[in-house]
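For ligands, and for the atoms within them, numbers begin at 1 and follow the listed sequence.
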Amino acid sequence: MKYVQSILAKCSTRIGFLILLISCFWAKTMLAYFVDFKLGVTNPFQFIIVVINPLATTFLLVGIALYFKKSRTFYPIAIIIDILNTVLLYLNVIYFREFTDFMTVSTMTGYSKVNQGLSGSSIALTNFHDVFYWIDLVVIIALLVTKKIKIDHRPLNRRIGLAVTSFSLLFFAINLSLGEMDRPQLLTRTFDRTYIVKYLGLDAFTVYDGLKSQHNNDLRATATKSELDDVLKFTHSHYAKPNKKYYGIAKGKNVIILHLESFQQFLIGKKINGKEVTPFLNKLYKSKSSYSFRNFFHQVGQGKTSDAENMLETSTYGLPQGSLFAQLGSDNTFQAAPAILKQRRNYTSAVFHGNVASFWNRNNVYKEMGYQYFFDASYYDTSGDRSMGYGLKDKLLFRDSVKYLQNLQQPFYAKYITVTNHFPYDLDKEDTSPNFKTTDTGDDVVDNYFVTAHYLDQSIHEFYRYLKKTGLLKNSMIVLYGDHYGISDSENKNLAKALGKNPDDWTDYDNAQLQRVPLIINLPGTKHGYVSNKYAGEIDVLPTLMHLLGISTKRYVQFGTDIFSKQHDQVVAFRNQDWVSPSFTSVSGDIYSNKTGQLMKLTKRQKKQVDKDKARVDKELSLSDSLNEKNLLRFYHPKGFETVDPRKYNYANGYQKEREIADKRGKKSTSLYSKRGNTIKDYVTNAPEIHHKSTDSNRIKITNPDASNNDSSR
Ligand code: GP9
Ligand code: MN
């Protein structure tokens, strides 16, 4: 009793009262962090950051009351701020229960169409322990009213207010540095909203998100239709018409995109200790049924996988900074592959990915792109050793997707995003092949990279066997591509040894040349395949595929050009404005000869060519940025294209939806399942996890941010 009284006495001073509010709010935040949100805390350092991150902003906000001298204003202001902060916290708790994501400012203001706000059904999302989000306020107000906590009428010196404000700001700066230490480029890259909340807290996230969306909205509000004209002028004059020989050769086929995580070209054909790293992909690469490209480059920026996806499906570039998916993807107008294929050839579209849906904001972006299904981690058993840093292991992804793949109506456009070959290239011992011995460069990243690439190769091989057995193979065009580098420039010297090169001679030219990733367009049935020398990049894939499918691209805004076209543009722009052409490599303005690998003294004629190429690269990138940052496609209505309404998409119950459609179509259903019944028996994998019965359902290591801890140069 005495103890309670002494606390009440302490709370009867202004400072004591604020400390009471702050402590209660901190406790509520911890409740949200550890019970309602899934922040994915994976080490003690992160735990400390999570525990302290609400403090700076709470002090800052509640501390505002200190600037008010009269008790008549001081107390109400402190309480109102606390209530508002609690409302924000609680709304996010409810929102998270429904969407496993945090509320953005555009969601709150109703601006975002895709990122739905809370609906009537949200009441159903309340929980018994929610009482604890409000009880403190009720008790504190009651204690004030009953005078158990006494109003302190003595005004405080304004300097105290200033001191608290400065302290909060300093504390915030420390908090931010700790966050950046654990997660470099936290704010510039914005992988996932969860990360910002985890490192900086909910208030900071909301302010950050608000500033960002303000900036985006300003850009977009002032944009006019006429700005689109510059873009159209460029894309029209840059358009490359299809090559008759290839136009429509894949007409009506299913399209299967196999996104090979971090897979670089040098893996193709590479042997280590006498064994091929990727024997199956090597065969596919050289097969007469494949069109393969040895001079194909990734063009991603900080958005990495998401940038690659964006280029592949929209033929526009990612942003100069951050990820387009994360920053603009929730409100952007896309004219993307899934929507175009649906509207022009009635394709069903689906993504299979073993990571959580919120990563790279995919749950929102895919709706804007018109993807009908998104089978994310929630559709798979990711427990125990079935998943690694970024989600379900590849062999299991392919195998466990059969349930959903076989129920897609054909023709379909299906994308598999693999994850196992991702930095830091960890693999459980049970998944490694005893007869593949990797390099011994002394750099674990490099050595392990070959091991996970070998695993990825086996995963693809198993999937191919299934495709063949079920007959899907002959009805499909399979497109395999590496999304970006796996070994960063800083590690290239260690890689050089494994590639049989001298690390001491390694230059920027070599780094640029190493940005090659494979592109294999496998068209079973064709016998005219070859390995092409054409220079091309990810931006060129969409027009190329569309032409193979016999769909003209002229009416769309696409920055890439069909690689098979005689007018294909072979100057490949990197996102940082470097570029590569068949003759030259430009790094930070220095021009290297591709013949010698040496810096060049340009002749007048060469200089003219280089200047022209450079100007084209700069223009193309800046027009793409203007298109996306200002959302100019909202003004563009190509013939027959119906703007995608993201509100019509919902990725819950995908499997049930597939089955309903098949039932409704009855005999007309074109799914593999309708034709052949369950094909899971046709899937053969040597994945050891298949035979494990996991008891520990919570060992999900997904989105472990440490996995790309050293990613700052990436
Ligand atoms: C995450 C995976 C990895 O879901 O796609 O993304 P990355 O780190 O390569 O950009
Ligand atoms: Mn990637």
(message) Can you tell me how the ring of H461 sits relative to the ring of F280, calling it parallel under 30°, perpendicular over 60° and tilted otherwise?
(response) parallel
(request) Run the salt-bridge test on D483 and K304 with the 4.0 Å N-O cut-off and return the result as yes or no. (result) no
(message) Could you tell me, atom by atom, which parts of ligand 1 come under 4.0 Å of a heavy atom of E261?
(response) 9 (O)
(message) Quick check on contacts: which atoms of ligand 1 are under 4.0 angstrom from a heavy atom of H484?
(response) 9 (O)
(message) Check this for me: does any side-chain nitrogen of one of R362 and E309 sit under 4.0 Å from a carboxylate oxygen of the other?
(response) yes
(request) List every atom of ligand 1 that sits less than 4.0 Å from any heavy atom of H353, numbering the atoms from 1 in the order shown and giving each element. (result) 1 (C), 4 (O), 5 (O)
(message) Within the supplied structure, the quantity of interest is the number of heavy atoms (other residues, nucleotides, ligands) at a distance under 6.0 Å from F47 CZ; does it exceed 12?
(response) no
(message) Could you check whether K415 makes a cation-pi contact with F352, meaning its NZ or CZ is under 6.0 Å from the centre of the six-membered ring and within 45° of the ring axis?
(response) no
(request) Please identify which atoms of ligand 1 are closer than 4.0 Å to at least one heavy atom of N355. (result) 1 (C), 4 (O)
(message) Taking D400 first and then R386, would you say they form a salt bridge - that is, a charged N and a carboxylate O separated by under 4.0 Å?
(response) yes
(request) Examine the proximity of ligand 1 to F423 and report which part, side chain or backbone, both or neither, has a heavy atom under 4.0 Å away. (result) neither
(message) Assess whether a salt bridge exists between D431 and K393, defined as any Lys/Arg side-chain N lying under 4.0 Å from an Asp/Glu carboxylate O.
(response) yes
(request) Return the set of protein N, O or S atoms whose distance to the Mn ion (ligand 2) is under 2.8 Å, each given as residue and atom. (result) E261 OE1, E261 OE2, T305 OG1, D483 OD2, H484 NE2
(message) Does any N or O of ligand 1 fall below 3.5 Å from an N or O anywhere on R362, backbone included?
(response) yes
(message) Quick one about N511 and N492 (side-chain donor to acceptor, distance below 3.5 Å, no hydrogens or angles considered), yes or no?
(response) yes
(message) What I want to find out is whether D36 reaches R97 closely enough, with some N-O distance under 4.0 Å, to be called a salt bridge.
(response) yes
